[in-house]
Amino acid sequence: MVDPLSAWWAQQLVLCDWAFSPDPTAIEPSLAVQRLAEMEVADRGELGWQLVEAFSPGAVNPVGHLESLELLALAVAAGWLPVEQARAWVARIADDICAHCNTLEDWLVALRQARGALGWERGDDGFLEACHALSTLEREGAGITWEVLAETLRRLPQAPLWPSAPTEQAWRLRAAFAPVLVAGADEALDAPQARAFLADEWQVHDRDGLVRLLLWLAGQGDRYAWDLDATRLLEASVEQRDAWLAGQKGGAVASGKVLLGFLSRGETLEWAAWDWLRLVDLAYTGLALGWLAQAEADAFAHHALDLITRRYSDWVAMVTAYQRGRSLFEGSDKMAALNQDWALLLQSPASPWQEPLKALQDDANREASQAAMRTWRADARHWVLALASVREPELLLRQGPRPSLAESVYKDAQHYLKEVLGLYPDDGVAGLARYWLPAQAHHLNQLAADADHSALPSLVTPFGQPAAEGLAQRDALKGCSRFSATVHMAEKYAFYLQMADDSGEFDAEGLSRLAESLRGVLCRFYPDARRLLNAWACWEAALPEPPLEQSTPVSLAHEIRWHRDDPGSPFHWLDWRAGASWQEPGPRLSLPRFTALALVGPLNGGAWSEPLPESAREVAAIQEWMDGHYGLQDGEALREFLDFLLSAGDRQEYQINYAPYTLNAARLASEIATLESDDCSEDERNHLLRLKRIRDNEAGCNTFDMAAWDIAQAVDLAIAGRQLAWLSEAQFTSALDQSATLAAKHYPGWQAYARGLYAGFSFFMGETEERKAFLSSFREALVSWLTGAPPLAGPWASLDFPGARPRHWAPLHIDTLPGDARTLH
């Protein structure tokens with residue numbers, strides 16, 4: 001039985017100078033390929049364009065339809081298209097012709113009118129001859145009549161022109177570059193220039209590099225830098241915008257001009273489609289090259305579709321955003337050409353975009369793509385990458401398979417660890433524990449809770465008031481009370497982990513364990529990405545990073561909020577399962593232990609973590625300090641000196657050698673006069689200076705109990721002794737416990753302790769040229785410690801003094817130290 005559609009198709013090919021054959025696709029494959037090349041159709045993408053172009057809105061396109069019928073026959077013969085799909089196109093072409101031409105004569109008239117555009121090689125006579133041959137075929141019954149064709153089309157089920165299985169629908173997005181006729185891609189037919197393109201434009205040469213590129217486009221892409229520039233420029237004055245543009249270099253100047261043009265005319269500042277449509281194109285390329293399995297490529301395409309439908313309501317919104325991105329990338333405003341550039345895909349009746357954008361994805365494929373993206377980022381290394389990338393955005397180019405690193409990366413990381421962080425290879429992975437600071441997070445949480453209840457310490461101290469900048473930081477913590485502060489500490493820790501990994505000098509397995517621990521902690525304190533990023537943005541805005549050379553602090557709040565708001569950010573595609581058991585990357589102090597360590601005060605930096613044995617290099621420096629300042633050369637001498645400080649200390653020397661002078665002013669004056677009348681030895685000179693301090697009651701040395709000076713020294717030396725391994729854990733604990741007990745016995749609170757500490761520091765300090773500067777700096781530090789302004793100066797403002805009644809409000813989350821009986825769990 002003759003197939004009416006095939007017969008009609010064969011008839012039309014007579015107009016293309018083909019001999020009539022019942023099977024229009026019965027051509028030698030090699031000849032078909034040759035003819036396709038002659039027609040300048042080198043791949044299936046170009047074939048797709050030709051087919052879409054053949055359909056004009058509102059009118060028949062005789063030229064396009066006739067060429068399309070020939071191309072379809074050649075494509076089937078060449079093995080480019082399955083015959084069923086080609087027949088669907090033929091039926092669609094026939095239906096369009098019948099809708100505009102009621103008879104064969106109407107169709108031939110339309111062809112005659114368009115014959116000039118056909119480029120007919122045999123002239124008018126040849127064209128008329130072909131038309132006559134077609135009419136003869138119909139009259140002799142060798143072909144199908146117009147009436148039979150119309151009836152056949154009415155009965156044919158409507159077949160899809162484009163791949164339309166649920167897994168294949170996402171490939172319609174690739175029409176932005178080339179329409180996808182066949183979901184199963186082939187390098188020769190679909191991506192003949194892809195290898196050179198990937199190598200030249202992307203420096204991608206293999207599967208792993210492509211996967212990393214796809215994950216980058218999904219999770220960051222070009223939009224990241226443009227979004228941040230736009231956000232900051234929106235807040236900038238005209239002068240600041242001009243200065244920003246003047247600071248751009250190379251191709252960024254043209255892009256910057258385009259961006260400022262968008263701003264000046266109120267263009268919507270959104271362009272993510274530029275990244276996500278390229279993601280689809282490159283996923284299809286990977287499939288064609290055999291670098292991605294079909295399921296992998298489908299997942300990337302559906303991930304792009306998932307992201308696009310979250311951001312855009314329809315095709316027009318999507319291409320408008322893409323056009324903005326293209327404008328920025330090329331440094332030339334293309335928005336005026338939007339309608340012209342996209343009219344074909346948006347308006348052609350045969351466009352793959354005739355299907356509504358929102359209808360392309362079902363739940364199953366969306367969920368499968370989401371699972372696939374999380375699988376690519378399943379290992380804890382991606383948590384470290386994501387957190388560290390906020391400081392170093394280039395790190396997100398390493399998502400997916402581990403890349404090999406350039407020698408310069410190793411050297412930069414090694415330099416950072418040694419010169420900035422003070423971490424050396426011989427510290428080992430264990431050395432990273434000192435940078436895990438849950439006590440710091442507890443301190444910040446406590447200050448935020450107190451700020452929320454207007455219960456922060458008084459700004460009036462015996463040593464003055466805090467600077468305005470520090471006070472502003474402290475007051476800003478009120479807005480952070482709802483958010484756990486661990487992320488503020490953990491993101492820096494993640495950056496250190498990344499640098500240790502990049503250095504190549506630390507045990508990879510050990511670093512992996514720490515990354516897993518970091519993931520466990522963050523999953524426990526934050527239920528999802530938005531909660532973590534909201535917390536981080538809040539704390540970052542309140543506590544921006546101190547500048548290195550700039551005059552103003554550097555805040556990452558814009559970068560953090562970008563990751564929160566961009567649906568493709570890798571933070572939203574990490575594994576958020578905390579697991580049944582989890583362990584922190586470093587020890588978590590108890591609250592009493594933290595309080596005891598805080599007794600060191602400004603004699604040392606804030607003791608935010610348990611002291612750990614140090615490397616040989618640090619040991620040498622600590623030993624030199626011990627010997628130079630205290631004459632201590634081994635553990636036994638240290639333990640004896642700690643016993644002395646806690647039982648008698650410098651306070652006893654004051655009581656024995658100086659306190660009596662406070663009762664006899666005449667004797668004091670006589671002693672001072674005697675010493676001033678003679679040449680003094682160094683010891684006599686120190687004695688004279690101390691007598692003068694007694695006379696003047698300098699720093700309240702006669703008024704305030706100076707036991708704090710001994711206590712602070714004892715804690716400072718105990719910490720150093722633990723770092724040197726001169727004290728065991730039990731000995732260190734005993735020293736801290738004795739210090740806390742002594743402090744509780746002598747003082748009611750931190751202000752009194754601070755007075756005693758400053759009095760002792762001032763009284764027993766030798767006379768040096770820097771004395772005045774040292775005392776001024778110490779007073780400023782005491783103000784900061786007492787008031788919590790700035791918050792990270794020291795922890796006194798968040799801690800109850802040993803033995804004192806609790807006065808702080810409980811934070812409303814579990815991110816606190818053990819031993820806090822007031823915490824709400």
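In what follows, every heavy atom counts, from backbone to side chain, and hydrogens, waters and symmetry copies are set aside.
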Participant: Could you go through residues 342-353 and list every donor-acceptor pair under 3.5 Å that involves a side-chain atom there, pairing it with any protein atom two or more places apart or in another chain?
Facilitator:
from   : atom 1 : to     : atom 2 : distance (Å)
Trp342 : NE1    : Gln323 : OE1    : 2.8
Ser348 : OG     : Val52  : O      : 2.9
Ser348 : OG     : Phe55  : O      : 3.4
Ser348 : OG     : Ala350 : N      : 3.3
Ser351 : OG     : Leu345 : O      : 2.5
Ser351 : OG     : Trp353 : N      : 2.9
Trp353 : NE1    : Arg172 : O      : 2.7

Participant: Parallel, tilted or perpendicular: which fits the ring planes of Trp202 and Trp216, with parallel below 30° and perpendicular above 60°?
Facilitator: perpendicular
Participant: Rounded to the nearest 0.5 Å, what separation is found between the CE atom of Met335 and the CZ atom of Arg326?
Facilitator: 10.5 Å
Participant: Looking only at non-hydrogen atoms, find the nearest pair between Leu215 and Gln399 and report the distance.
Facilitator: O-NE2, 3.4 Å
Participant: Could you tell me if the side chain of Trp562 sits less than 4.5 Å from the side chain of Glu559, heavy atoms only?
Facilitator: no
Participant: If you count the non-hydrogen atoms of other residues, nucleotides and ligands that lie under 6.0 Å from NZ in Lys257, is the total more than 12?
Facilitator: no
Participant: Under 3.5 Å, side chain of Glu545 to main-chain N/O of Ser555, donor-acceptor pair present?
Facilitator: no
Participant: Just wondering, are more than 12 heavy atoms of other shown residues or ligands nearer than 6.0 Å to CD in Glu40?
Facilitator: no
Participant: Do Trp276 and Pro567 have side chains that get closer than 4.5 Å, going by heavy atoms?
Facilitator: yes
Participant: Taking atom CD as the centre, does Gln193 end up with more than 12 heavy-atom neighbours from other residues, nucleotides or ligands that are less than 6.0 angstrom away?
Facilitator: no
Participant: Under 3.5 Å, side chain of Arg324 to main-chain N/O of Leu259, donor-acceptor pair present?
Facilitator: no
Participant: Heavy atoms, side chains only, cut-off 4.5 Å: are Asp575 and Arg374 in contact?
Facilitator: no
Participant: Any chance you could measure Ser389, atom OG, to His382, atom NE2, to the nearest 0.5 Å?
Facilitator: 11.0 Å
Participant: Could you go step by step and tell me if Arg92 and Asp96 meet the salt bridge (Lys or Arg N to Asp or Glu O under 4.0 Å) rule?
Facilitator: CA-CA 6 Å; Arg92 183 63 181 273; Asp96 195 50; over 6 Å; no
Participant: Where is the tightest heavy-atom contact between Ala191 and Ala288, given as atom of each residue plus distance?
Facilitator: CB-CB, 3.8 Å
Participant: Look at atom CD of Gln340 and say whether more than 12 heavy atoms of other residues, nucleotides or ligands are closer to it than 6.0 Å.
Facilitator: no
Participant: Strictly distance-based, threshold 3.5 Å: is any side-chain N or O of Asp306 a donor or acceptor partner for the main-chain N or O of His302?
Facilitator: no
Participant: Would you find a donor on one side and an acceptor on the other, under 3.5 Å apart, between the side chain of Arg241 and the backbone of Leu233?
Facilitator: yes
Participant: Could you go step by step and tell me if Asp379 and Arg381 meet the salt bridge (Lys or Arg N to Asp or Glu O under 4.0 Å) rule?
Facilitator: CA-CA 5 Å; Asp379 62 308; Arg381 177 178 69 91; 3.3 Å; yes
Participant: Kindly indicate whether the side chain of Trp383, heavy atoms from C-beta on, has any atom under 4.5 Å from the side chain of Glu516.
Facilitator: no
Participant: Just by modelled atom types, is the Leu289 backbone N or O under 3.5 Å from a matching donor or acceptor in the Glu187 side chain?
Facilitator: no
Participant: Can you give me the closest heavy-atom contact between Ala159 and Ala88, atom names plus distance?
Facilitator: CB-CB, 3.7 Å
Participant: Does a side-chain heavy-atom distance below 4.5 Å link Trp89 with Leu71?
Facilitator: no
Participant: Between His563 and Trp536, is the ring centroid distance below 6.0 Å?
Facilitator: no
Participant: Can Met318 and Leu277 be said to form a side-chain contact (heavy atoms from CB on, under 4.5 Å), step by step?
Facilitator: CA-CA 9 Å; Met318 182 193 76; Leu277 286 176; 3.9 Å; yes
Participant: Salt bridge (Lys or Arg N to Asp or Glu O under 4.0 Å), that's the test. Do Arg402 and Asp501 meet it? Break it down for me.
Facilitator: CA-CA 11 Å; Arg402 273 185 180 268; Asp501 191 26; 3.1 Å; yes
Participant: State the CG-CG distance between Leu47 and Leu81, to the nearest 0.5 angstrom.
Facilitator: 5.5 Å
Participant: With sequence neighbours excluded, what pairs up with Asp200 under the salt bridge (Lys or Arg N to Asp or Glu O under 4.0 Å) test?
Facilitator: none
Participant: Salt bridge (Lys or Arg N to Asp or Glu O under 4.0 Å) for Arg366 and Asp363? Distances and angles first, verdict last.
Facilitator: CA-CA 5 Å; Arg366 181 184 301 107; Asp363 292 342; 2.8 Å; yes
Participant: Would you say Trp171's side chain and Asp298's backbone share a donor-acceptor pair under 3.5 angstrom?
Facilitator: no
Participant: State, yes or no, whether a side-chain contact exists between Asp502 and Asp412 at a heavy-atom distance under 4.5 Å.
Facilitator: no
Participant: Just by modelled atom types, is the Ala529 backbone N or O under 3.5 Å from a matching donor or acceptor in the His572 side chain?
Facilitator: no
Participant: Identify the heavy atoms of Val384 and Leu518 that sit nearest to each other, and give their distance.
Facilitator: CG2-CD2, 4.3 Å
Participant: Hey, are the side chains of Arg212 and Leu397 touching, using non-hydrogen atoms and a 4.5 Å cut-off?
Facilitator: no
Participant: Do the side-chain N and O atoms of Trp271 and Asp227 include a donor-acceptor pair separated by under 3.5 angstrom?
Facilitator: yes
Participant: Any heavy-atom pair between the side chains of Glu296 and Val211 that's under 4.5 Å?
Facilitator: no
Participant: Determine whether more than 12 heavy atoms belonging to other residues, nucleotides or ligands lie under 6.0 Å from atom NZ of Lys411.
Facilitator: no
Participant: Under 3.5 Å, which donor-acceptor pairs link side chains of residues 489-497 to any protein atom two or more places apart or in another chain?
Facilitator:
from   : atom 1 : to     : atom 2 : distance (Å)
Glu491 : OE1    : Arg391 : NE     : 3.1
Glu491 : OE2    : Arg391 : NH2    : 2.7
Lys492 : NZ     : His488 : O      : 3.2

Participant: Would you say Gln158 has more than 12 foreign heavy atoms packed within less than 6.0 Å of its CD?
Facilitator: no
Participant: Could you verify whether a donor N or O on one side chain and an acceptor N or O on the other, from Asp208 and Trp291, lie under 3.5 Å apart?
Facilitator: no
Participant: With distance as the sole test, does Asp95 use its side chain to make a donor-acceptor pair with the main-chain N or O of Ala91 at under 3.5 Å?
Facilitator: no
Participant: How close do Gly79 and Leu189 get, counting heavy atoms only, and between which atoms?
Facilitator: O-CD1, 4.4 Å
Participant: Is it the case that the side chain of Ser255 and the backbone of Leu328 share a donor-acceptor pair, with hydrogens and angles ignored and the cut-off at 3.5 Å?
Facilitator: yes
Participant: Are Trp539 and Phe483 an aromatic pair by the rule of ring centers under 6.0 Å?
Facilitator: no
Participant: Working to the nearest 0.5 angstrom, can you tell me the gap between Leu305 CG and Arg310 CZ?
Facilitator: 11.0 Å
Participant: Can you check side-chain contact (heavy atoms from CB on, under 4.5 Å) on Val204 and Leu282, steps first, answer last?
Facilitator: CA-CA 11 Å; Val204 167; Leu282 292 177; over 6 Å; no
Participant: Which heavy atom of Val280 sits nearest a heavy atom of Leu173, and at what distance?
Facilitator: CG2-CD1, 3.9 Å
Participant: Quick one: does any side-chain atom of Tyr526 pair with a main-chain N or O of Val487 as donor and acceptor, under 3.5 Å?
Facilitator: yes
Participant: Could you tell me the separation between the CZ atom of Arg223 and the CD atom of Glu270, rounded to the nearest 0.5 Å?
Facilitator: 9.0 Å
Participant: If you measure from CG on Leu279 to CG on Leu213, what distance do you get to the nearest 0.5 Å?
Facilitator: 8.5 Å
